[in-house]
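Convention: sequence-line order gives letters A, B, ...; per-chain numbering from 1. All figures in this text were calculated on a predicted structure; none of them were measured in a lab.
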Protein chains: 2
Amino acid sequence: MTSATKTLELLSFFSEQHPEIGLSQFCKLTSRDKATTYRHLQSLEIVGFIEKNPLTKKYRMGPAVLPLAQIRERTVPRKSAAKASVEQLADATGETAHVSVLSGTTLYSLVAVESPKHSTRAIVDLKTLPLHATASGICTLAYGPDILTQTAKQNLERFTAKTQTTEQGLDAAIQRVKETGFSHSKGSIEEDIYGLSAPLFDQSGTIAGAVSVASVATRFNADAERTIKHQLILASRQISHNWGGSIPNPIEACWSKTLAET
Amino acid sequence: MTSATKTLELLSFFSEQHPEIGLSQFCKLTSRDKATTYRHLQSLEIVGFIEKNPLTKKYRMGPAVLPLAQIRERTVPRKSAAKASVEQLADATGETAHVSVLSGTTLYSLVAVESPKHSTRAIVDLKTLPLHATASGICTLAYGPDILTQTAKQNLERFTAKTQTTEQGLDAAIQRVKETGFSHSKGSIEEDIYGLSAPLFDQSGTIAGAVSVASVATRFNADAERTIKHQLILASRQISHNWGGSIPNPIEACWSKTLAET
DNA sequence: TGTATCGGTTCATATAATGAACCTGTGTTT
DNA sequence: AAACACAGGTTCATTATATGAACCGATACA
């Protein structure tokens, strides 16, 4: 580990819950010497990554991180940041993979990749995804604000015989997502398509969208389900990371439990 | 200069205009060895501050900066980030100093500090500042979008005999700001108050507000004006920096020219 | 085919990072 | 008020780590 990585590592101890950290606290957190840590902090202060709160004498995040984030957001759009992960997901599962983003109360399809493995495959040709009838949508409802579910209930359009069109049915589906960390949709938007979905998070810590695998019903079985879930977890972590977020611990716990059971 | 600061310095070469930089380009920019620079870049890549664009093999800003900026924005509000600078400004000028922020088409007073140096002094008791009748307001108009000036012209309320209430007068005042980098208001909101103002910028690169000194007319002279302008520049740079922005070069050039003339 | 430039790697050397011990100030306990 | 604990900050000999000349392999171009 280089001196530079050790220095940068200090930044990872800041959070919205712990916005200010003193020298001694840093020493405890890193198990490093006081002098070393002090010099590391000075390096960060020189470049503006941290600053001292003159009142508390503790260190806090500096202003220099703001323009960097601005550059990242402006120059690396979400789509390209998710693309590689979706391609990998499609390749690993042999099915169609896609990512959707939540904007307001609408879920937009961002990028979809079909796998050439099978001649029959799901095609994602929707610009916006119905919240109540897709795996992505129900996943978003499960981790999004209540207002989102309320909005979804305003328009429970029927697409197939299997579409959930009752509030009770939707609530039950949402509950299952909260328990497992995954969202299922079995023929609810198209008869022969089974969907599996996991949530995505950005730097705001709130849900930002969903990553999904759309499989053809006839080849969907327990074995495929296990593979897809495993790959979805990897993709969700990767994409969330690229968007500046991370998977909340409760969801990681759900995933562990769900995978252990199968 | 420590290895850590050298490493972090690399990040400052990224901009929205140059979002991707290769190893050799970094070497030229820093006049450092290839091996050294390569290791620095690796350190940054490990912690997610940069990532390689797999297509171009060049480096670009990484996702790790996003949560850091989020923490900064959530835990260090603009007010406290400007406070120290405003206090220093009031102290150095012996007058009342204040900072205002632009939100939508409204200019809000964020923080004001009175200097105890004189028994007569300006008092900023406004929650929102009229765009056409204050130094802060005209400064904001000069560097803000056109729509802002159009909005301001909708309501050219008269406060004193000296308030600009014509569109032509306002346009002329704005033009003077664009030429000098400073905004003046001589009794346009209160008869005996002379204001001097400089713009503030945040990480978006657009105008974020203004920093001003409100002086009592009777003691305002060329000497005071020079001092105030000089201090305003320092304050504007500091506050903009704390908000994640910087002063655009054209404005810095205006300031240099204006100060040289006096 | 030669060569110019790119990203990346190696290894002896020299420089810069390290931490035990030492200040200094502040607030608390006795 | 003396004694103590803990905070941030500093010093200097020792040691580990950063450094850069030279090298490698790939790509592009004339």
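- B:T7 and B:R39 share no side-chain donor-acceptor pair at under 3.5 Å.
- Residue B:S24 has a polar side-chain atom (N or O) positioned under 4.0 Å from OP1 or OP2 of C:dG7.
- Residue A:K83 places its NZ atom among 12 or fewer non-hydrogen atoms of other residues, nucleotides or ligands, all under 6.0 Å distant.
- The phosphate of D:dA7 has OP1 or OP2 within less than 4.0 Å of a side-chain N or O from A:K28.
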Atom pairs and distances, donor-acceptor, side-chain atoms in residues 64-74 of chain B, under 3.5 Å, two or more places apart:
| unit_1 | atom_1 | unit_2 | atom_2 | d |
| --- | --- | --- | --- | --- |
| B:R72 | NH1 | A:E51 | OE2 | 2.7 |
| B:R72 | NH1 | A:M61 | O | 2.8 |
| B:R72 | NH2 | B:N242 | O | 3.0 |
| B:E73 | OE2 | B:Q203 | NE2 | 3.1 |
| B:R74 | NH1 | A:E16 | OE1 | 2.8 |
| B:R74 | NH1 | A:E16 | OE2 | 3.2 |

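- Using modelled atom types and a 3.5 Å distance limit, the side chains of B:E95 and B:S115 yield no donor-acceptor pair.
- One can place CG of B:D33 at 14 Å from P of C:dG7, the figure rounded to the nearest angstrom.
- Non-hydrogen atoms lying under 4.0 Å from DNA chain C are contributed by A:A35, A:T36, A:R39, A:H40, all within residues 35-44 of chain A.
- In the helix from C:dT1-D:dA30 to C:dT30-D:dA1, the rotation axis of the first five pairs and that of the last five pairs differ in direction by 30°, rounded to 10 degrees.
- Rounded to an integer number of Å, the gap from B:R32 CZ to D:dA21 P is 15 Å.
- In A:H118, the NE2 atom is crowded: over 12 heavy atoms of neighbouring residues, nucleotides or ligands sit closer than 6.0 Å.
- In this structure, B:Y38 has no ring pair (Phe, Tyr, Trp, His ring centres under 6.0 Å) partners at least two apart in sequence or on a different chain.
- In this structure, a donor-acceptor pair under 3.5 Å is absent between the side chains of B:S109 and B:S100.
- Judged by atom type and distance alone, A:K34 reaches the base of D:dG9 through a side-chain donor-acceptor pair under 3.5 Å.
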How does each nucleotide of nucleotides 25-30 of chain D score, in 5' to 3' order, for protein heavy atoms under 4.0 Å: base (B), sugar-phosphate only (S), or none (-)?
------
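- For D:dT19, the OP1/OP2 oxygens have a side-chain nitrogen or oxygen of B:K6 closer than 4.0 Å.
- Between the side chains of A:T2 and B:S43, at least one donor-acceptor pair of N or O atoms lies under 3.5 Å.
- Using modelled atom types, one finds no donor on one side chain facing an acceptor on the other under 3.5 Å when comparing B:S183 with B:S197.
- Residues satisfying the side-chain hydrogen bond (donor to acceptor under 3.5 Å, both in side chains) criterion with B:E252, sequence neighbours excluded, are B:R237.
- No contact: B:K58 has no heavy atom under 4.0 Å from any strand.
- Rounded to whole Å, the distance from CG on A:L23 to C1' on D:dG8 is 6 Å.
- Counted by atom type alone, B:S204 and B:T206 present one or more donor-acceptor pairs between their side chains at under 3.5 Å.
- Distance, A:N53 CG to D:dG8 P: 13 Å, rounded to whole Å.
- Atoms CD (A:Q25) and P (D:dG9) sit 13 Å apart, rounded to a whole Å.
- If A:S3 and A:I21 are placed on DNA chain D by their nearest nucleotide, the residue sitting closer to the 5' end is A:I21.
- The side chain of B:K52 contributes an N or O atom lying less than 4.0 Å from OP1 or OP2 of C:dG8.
- Of the candidates D:dT19, D:dG9, C:dG8, C:dG8 carries the atom nearest the B:Y59 side chain, counting heavy atoms from C-beta on.
- Judged purely by distance below 3.5 Å, without hydrogens or angles, the side chains of B:T93 and B:Q231 never pair a donor atom with an acceptor atom.
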